[in-house]
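Written below as structure tokens is the structure these notes are about.
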Amino acid sequence: MAPGLLDVVHLTTWAVCAVIKLPQVVAVLRAGSAWGLSVSSLLLELAGFLVFMRYQIYYGYPLETYLEYPIIIAQDVILLFSIMYFSGKTKRAFFYAAVFWVVWYMLTLQKWIIDLAMNLCTFISAASKLVQLQHLWQTKDAGQASALTWGMSAYTCATRIITTVMTTNDLAVLIRFIIMLILNIWVTATILHYSKTKKTD
């Protein structure tokens, strides 16, 4: 692929990620409820994002390959706080922030820690999607879950497969994005299914 195409893929990924969680945040704020969303899923997703970004930084990968992560993490924090607020558990959000801060520091104390964390990161991120799927299956209701947010996540995974192959060719990163693409598509389809089911009832 031409370097110009790589730039376009990077730019579209960043553009999508700049607003990726906004449909979800808006849905929660409009409804004044986090019904349909799993806090456990969001916490696992946030943990996976933090580990992944720390890994990229630790190994000195090009900023272009992970620039969207600080933006997504900030949006996840806003979403998590909104969910905690509407469920009356605001103080718990500060506890989670402290835990994530300590983990962020500890990840790079030893090389083996960050390598192990990156390998576990794929499982953690996959677990976040599976927890959301389980929540949707149990409630049989998409609630405030945004198919647009999950669809955009699928798109960014697809673009990151391309950029990983073209830049770092890191197998652990590539496997992560392939698995996340599949699971994001599955969550999106499940949300659309239960949204359609709810409208026809």
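- The minimum heavy-atom distance linking V39 with I83 is given by the pair CG2-CG2, 3.4 Å.
- Side-chain atoms of T164 never come within 3.5 Å of backbone atoms of I161 as a donor-acceptor pair (strictly under, hydrogens ignored).
- Of all non-hydrogen atoms in A18 and I71, the two that sit nearest each other are CA-CG2, 3.8 Å.
- Evaluation of the side-chain contact (heavy atoms from CB on, under 4.5 Å) rule for V19 yields L22, M152 as partners, not counting sequence neighbours.
- One finds the OG1 atom of T168 at 11.5 Å from the CE atom of M166 (value rounded to the nearest 0.5 Å).
- For H10 (side chain) and E64 (main-chain N/O), a donor-acceptor pair under 3.5 Å exists by modelled atom type.
- Contact check for N119 versus F123: no side-chain heavy atoms found under the 4.5 Å cut-off.
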Notebook entry, point to check: Y59 and D170: side chain to side chain donor-acceptor pair (under 3.5 Å), yes or no, with the steps?
Noted result: CA-CA 11 Å; Y59 280 104; D170 186 313; over 6 Å; no

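- Although no hydrogens or angles enter the test, the distance criterion places no donor-acceptor pair under 3.5 Å between the side chain of E68 and the main chain of A15.
- Panel note: side chain R176, backbone T122; no donor-acceptor pair is recorded below 3.5 Å.
- At distances below 3.5 Å, not a single donor-acceptor pair connects side-chain atoms of S125 with backbone N or O atoms of E45.
- Side-chain contact between F86 and L29 is present, with heavy atoms from C-beta onward closer than 4.5 Å.
- Side-chain heavy atoms closer than 4.5 Å link hydrophobic residues (I, L, V, M, F, W, Y) into clusters, and following such links, possibly through other members, connects F52 to W104.
- By the 4.5 Å heavy-atom criterion applied to side chains, I20 and T156 are counted as neighbours.
- For the residue pair V9 and T13, the shortest heavy atom distance occurs at O-OG1, 2.8 Å.
- Nearest heavy-atom pair across Q24 and S146 is OE1-N, 2.9 Å.
- A 6.0 Å sphere centred on CH2 of W137 holds more than 12 heavy atoms belonging to other residues, nucleotides or ligands.
- Two residues are said to be in side-chain contact when any heavy atoms from C-beta on lie closer than 4.5 Å; L37 and V28 meet this criterion.
- For the atom pair OH of Y96 and CE of M84, the computed distance is 4.5 Å after rounding to the nearest 0.5 Å.
- Looking at Q56, its side chain never comes within 3.5 Å of a backbone N or O of Y61 through a donor-acceptor pair.
- Using the six-membered ring where Trp is involved, Y69 and F177 have ring planes that are tilted, between 30° and 60° apart.
- Under the 4.5 Å side-chain heavy-atom criterion for grouping Ile, Leu, Val, Met, Phe, Trp and Tyr, V99 is connected to V51 within one hydrophobic cluster.
- Here the straight-line distance linking atom CD1 of I72 with atom NZ of K21 works out to 7.5 Å at 0.5 Å rounding.
- M180 and C157 make their closest contact through CB-SG, 3.5 Å (heavy atoms, listed as atom of the first residue, atom of the second, distance).
- Residues T12 and Y155 are in side-chain contact: their nearest non-hydrogen atoms beyond the backbone lie under 4.5 Å apart.
- The main-chain N or O of C17 is found under 3.5 Å from a side-chain atom of Q75 such that the two form a donor-acceptor pair.
- For T188 (side chain) and G151 (main-chain N/O), a donor-acceptor pair under 3.5 Å exists by modelled atom type.
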Margin query: Let's go through L79 and L42 carefully: what are the C-alpha distance in whole Å and the side-chain angles of both, what is the deciding distance for side-chain contact (heavy atoms from CB on, under 4.5 Å) to 0.1 Å, and is it a yes or a no?
Written below: CA-CA 9 Å; L79 182 57; L42 188 58; 4.0 Å; yes

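- The OG atom of S40 sits 13.0 Å away from the CG atom of L130 when rounded to the nearest 0.5 Å.
- When all heavy atoms of L181 and A154 are compared, the closest pair comes out as CD1-O, 3.2 Å.
- Both I114 and L63 are members of a single hydrophobic cluster when ILVMFWY side chains are connected at heavy-atom separations under 4.5 Å.
- Using a 4.5 Å cut-off on side-chain heavy atoms (C-beta onward), I113 and T108 make no contact.
- With hydrogens and angles disregarded, no donor-acceptor distance shorter than 3.5 Å links the side chain of S195 to the backbone of L192.
- Other residues, nucleotides and ligands contribute at most 12 non-hydrogen atoms within 6.0 Å of the CH2 atom of W101.
- The hydrophobic cluster containing V16 does not contain L183, counting ILVMFWY residues as joined when their side-chain heavy atoms lie under 4.5 angstrom apart, directly or transitively.
- Two rings, from F100 and F49, have their centers 6.0 Å or more apart.
- With values rounded to the nearest 0.5 angstrom, I57 atom CD1 is found 4.5 Å from M53 atom CE.
- Considering CG of N184 and CD1 of I179, their distance stands at 12.0 Å, rounded to 0.5 Å.
- Both L80 and I78 are assigned to one and the same hydrophobic cluster, defined by single-linkage of ILVMFWY side chains at heavy-atom distances under 4.5 Å.
- Side-chain atoms of T139 and Y194, non-hydrogen and from C-beta on, never get closer than 4.5 Å to each other.
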